[in-house]
There are 2 protein chains.
Amino acid sequence: MIRCKHCSEISFIQKSGFQRGKQRFLCQSCNKYFTEEYEDDSAIKPRKKGITIYDIAKELGVSISTVSRALNDSNEININTKNAILKIAQDLKYQANSLALNLAKSQTKLIGLVIPELSHVFFPSIIMGAQEYLNKYRYNLIIMQSDEVYANELLNIKTLLDTRVDGLLISLTKETNNFDHIQNAIDSGVPVVLFNRITEQIECNKIVVDDYQAAFNAVEHLITNGYKKIAHLSGPQNLDLCQKRLKGYLDALKKHNLPIQDEYILFGDLTDNQAKIFAKYLLDLPNPPDSVFAINDPSAIEIYKYAKEKKMKLPEQLGIVGFSDDPISEYLEPSLTTIKQPTREMGHEIASMILDQIKTSNPIFQTKILNAELVIRNSSIK
Amino acid sequence: MIRCKHCSEISFIQKSGFQRGKQRFLCQSCNKYFTEEYEDDSAIKPRKKGITIYDIAKELGVSISTVSRALNDSNEININTKNAILKIAQDLKYQANSLALNLAKSQTKLIGLVIPELSHVFFPSIIMGAQEYLNKYRYNLIIMQSDEVYANELLNIKTLLDTRVDGLLISLTKETNNFDHIQNAIDSGVPVVLFNRITEQIECNKIVVDDYQAAFNAVEHLITNGYKKIAHLSGPQNLDLCQKRLKGYLDALKKHNLPIQDEYILFGDLTDNQAKIFAKYLLDLPNPPDSVFAINDPSAIEIYKYAKEKKMKLPEQLGIVGFSDDPISEYLEPSLTTIKQPTREMGHEIASMILDQIKTSNPIFQTKILNAELVIRNSSIK
DNA sequence: AAAACTACCGGAATCGCTTCCGGAAAGGCT
DNA sequence: AGCCTTTCCGGAAGCGATTCCGGTAGTTTT
């Protein structure tokens, strides 16, 4: 039985559909409108209503500003009032509504993270480091993957900006040549830290591993172990880290007066498939290399595969060094010499950098370079 | 030069410190207070102020309710007005402030995910699946790790609840015996989906892999390949999945009339370290097993290690089957037979389930069981 | 004892949006 | 023509905090 909310009469006229889940009526007695809910399966079940600062204020007979001050440990409040409020807040199990807080303070305590992929251990490990640090400061991470696709990177950053993250941690895709989206984010006032996959073209805080030095060490290690014809499986040259690793490779050869052979240097796209093709090409060369420095471990694995297929003796006939210290590398036969990057530390660093930048009005941009470690196993020692 | 904001006089008295970054003055001419900002290095740089529905409303001379209706594609608005508003919104590059939106609608479009760890491929892969689905519906994921520690799980869920996620996706730690925190979340009205590591003790939506059947198949596979003395490296029995896998193992033995030997069944804690101890114990038994069904691949790897140390012939002297299809399994020698779980699908499922539950007021709880696939490689075939 | 501070608090505006409520104008039906 | 509806819109009340502004009462200074 529906009755008018104003005069309680039951004669009224049903009007057209109103808002979702409501029906509108015009009472014929008092000539006023009123609405009535009707069944709506799609109705969203409301979250239990929590208690607010109003409840606390009422309980103690103070104003909400005072409650707010107590909760925020302001110095403009009497210690007794504060304690009283805090006690009641605890008794009532008050839990600040972060939605309201976010709006009022215009912050989300959310950091956006954009990475090319999540499937290898590298990025998850960085994530763990970053989370460890961020959680201490009550920040959370939203992780998005670009799958190495530029368009996704664009979309991810847009999404993250839409959700108003307080900062952005970005590792670029291998495709990214245009950096307007990054610059736009920075211009709109969002703190940005670039890591691992960075670019010279944007001025902001950056963190990388010392790819040059790591590559140099890896190649020199091969040389000191008697390898002379060292090939290099490189990656896309728009990636800063590929350039750096290539340079490390070249400089190591130069230092030891080894010839640089163009046919030994291949530029892949970081996919296993292309690595497989290159592996075949290299080992089938009339004058094949006696060792390979691969841009990453998955590529190195493809070398293993084809070398084994060819029944080559590892590491005697072919020395191999990878990059990134994938867990697999330890279990390969022979176990793979590779470069271990300080992922957890990098996670910490990017987290601390973005937090610093968030609370600093005019940050001084810097590029931090972390050292990587050559993990010597059996694939590079005759 | 500071002047009174009311009478523009310059005679005033500086009062005590006021709010952060402000100084307070009492004007001696008009006897009124006014505040002035002072330098504060810790001042947070404000995000560029975006344009709001007010700007659009002003531009067109309509009310903000109308603008809101246009933006929300309400049916209570004239098509022309709507288009006009939409056009201006586009021209002005209007971007809704999600903070305000969240508060008004009391939702965050955020889903919390709590998992024991991120280091293996299993969970990252699920995450990828879930994200794929959620992003389509403009939801985002906040990922938190419990590191298999109950206290962390508690904390993670609390944090997630504090940030008012719209739903919770949880995979329990191996320690979790008390489920009050889960029940509390549910009681407070937050949709919860349990997956992978579930419990019978909570009524809610759940998704698991058919652990029983997978284990049964794995063990039967060993049997049909001539193995007779099959050991099982199990895990903590408070984990549902460990129980299921154990039962699958037992039933397969029973079906084929093989004796069940207690000394062949070991209950570990899922750490590599304990697996290593068990591996040693098993293979050094006076009457050692001729094969092992391990609860997961890392445990299986420990078996490999010790077996190789003992110079045992794999798979002739010892058959091994793992669980979870870690990428490493393919590269082990011999390659490891294991069980591949539909992780990506599971990701989709948990995402779709939580979204369904979010928009349904009174959900009917169900438990979805996904099939796992036995990947037969060389470690289990003599 | 007057003057000048300090400590502390309440009221109200604000953040930017959704949505309820009420109603004017136009259209439809006898 | 008169009555009912429908269409479409504006005003205003939230959402739940923060924070600005103003002021009172008590304390210190002179």
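FYI, side chains are in, hydrogens and waters are out, and symmetry mates aren't considered; it's all heavy atoms of this structure.
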Length of the line joining A/N78:CG and D/dG26:P, which is rounded to integer Å: 13 Å
Under the rule for side chain to side chain donor-acceptor pair (under 3.5 Å), what residues qualify as partners of B/K136, not counting sequence neighbours? none
Listed nucleotide nearest any side-chain atom of A/S65, set D/dT19, D/dA12, D/dC9: D/dT19
Identify, with sequence neighbours excluded, every residue that meets ring pair (Phe, Tyr, Trp, His ring centres under 6.0 Å) alongside A/Y54. none
Atom-to-atom span, CD of A/E76 to C1' of C/dC5 - whole angstrom: 14 Å
Could you state the atom-to-atom distance from CD of B/Q107 to C1' of C/dC17 in whole Å? 12 Å
Please enumerate all residues that pass salt bridge (Lys or Arg N to Asp or Glu O under 4.0 Å) together with B/K109, with sequence neighbours excluded. none
Quantify the bending of the helix from C/dA1-D/dT30 to C/dT30-D/dA1 as the angle between its end axes, each fitted on five pairs, to 10°. 30°
Would you check if the side chain of B/N97 reaches a backbone N or O of B/L99 as a donor-acceptor pair within less than 3.5 Å? yes
Counting only non-hydrogen atoms, which of residues 80-90 of chain B are less than 4.0 Å from DNA chain D? B/T81
If you restrict it to nitrogen or oxygen atoms, what contacts under 3.5 Å exist between nucleotides 14-17 of chain D and the protein, and what is each distance?
from, atom 1, to, atom 2, distance (Å)
D/dG16, OP1, A/K49, NZ, 3.4
D/dG16, OP2, A/K49, NZ, 3.1
D/dA17, OP1, A/Y94, OH, 2.6
D/dA17, OP1, A/N97, N, 2.9
D/dA17, OP2, A/I53, N, 2.9

Hey, what do you get for CG (B/L160) to CG (B/L110), rounding to the nearest 0.5 Å? 8.5 Å
Could you give the side-chain donor-acceptor pairs of residues 55-62 of chain B under 3.5 Å, partners two or more places apart or in another chain?
from, atom 1, to, atom 2, distance (Å)
B/D55, OD2, B/T52, N, 2.7

Rounded to whole Å, CG of A/N75 lies from P of C/dC8 at a distance of 9 Å
The criterion is salt bridge (Lys or Arg N to Asp or Glu O under 4.0 Å); which residues satisfy it with A/D187, sequence neighbours excluded? none
Between D/dT18 atom C1' and A/N102 atom CG, what is the distance in whole Å? 12 Å
For A/S146, side chain to side chain donor-acceptor pair (under 3.5 Å) partners two or more places apart: none
Side chain to side chain donor-acceptor pair (under 3.5 Å) partners for B/K158, two or more places apart: B/D162
Tell me: CG of A/L60 to P of C/dC9, nearest whole Å? 11 Å
Got a sec, which residues hit salt bridge (Lys or Arg N to Asp or Glu O under 4.0 Å) with A/D180, two or more places apart in sequence or on another chain? none
Once you round it to whole Å, what is the distance between C1' of D/dT6 and CD1 of B/I77? 16 Å
Partner residues of B/H348 under the ring pair (Phe, Tyr, Trp, His ring centres under 6.0 Å) criterion, sequence neighbours left out: none
Phosphate OP1/OP2 of C/dG10 contacted by A/T66 side-chain N/O (<4.0 Å): yes
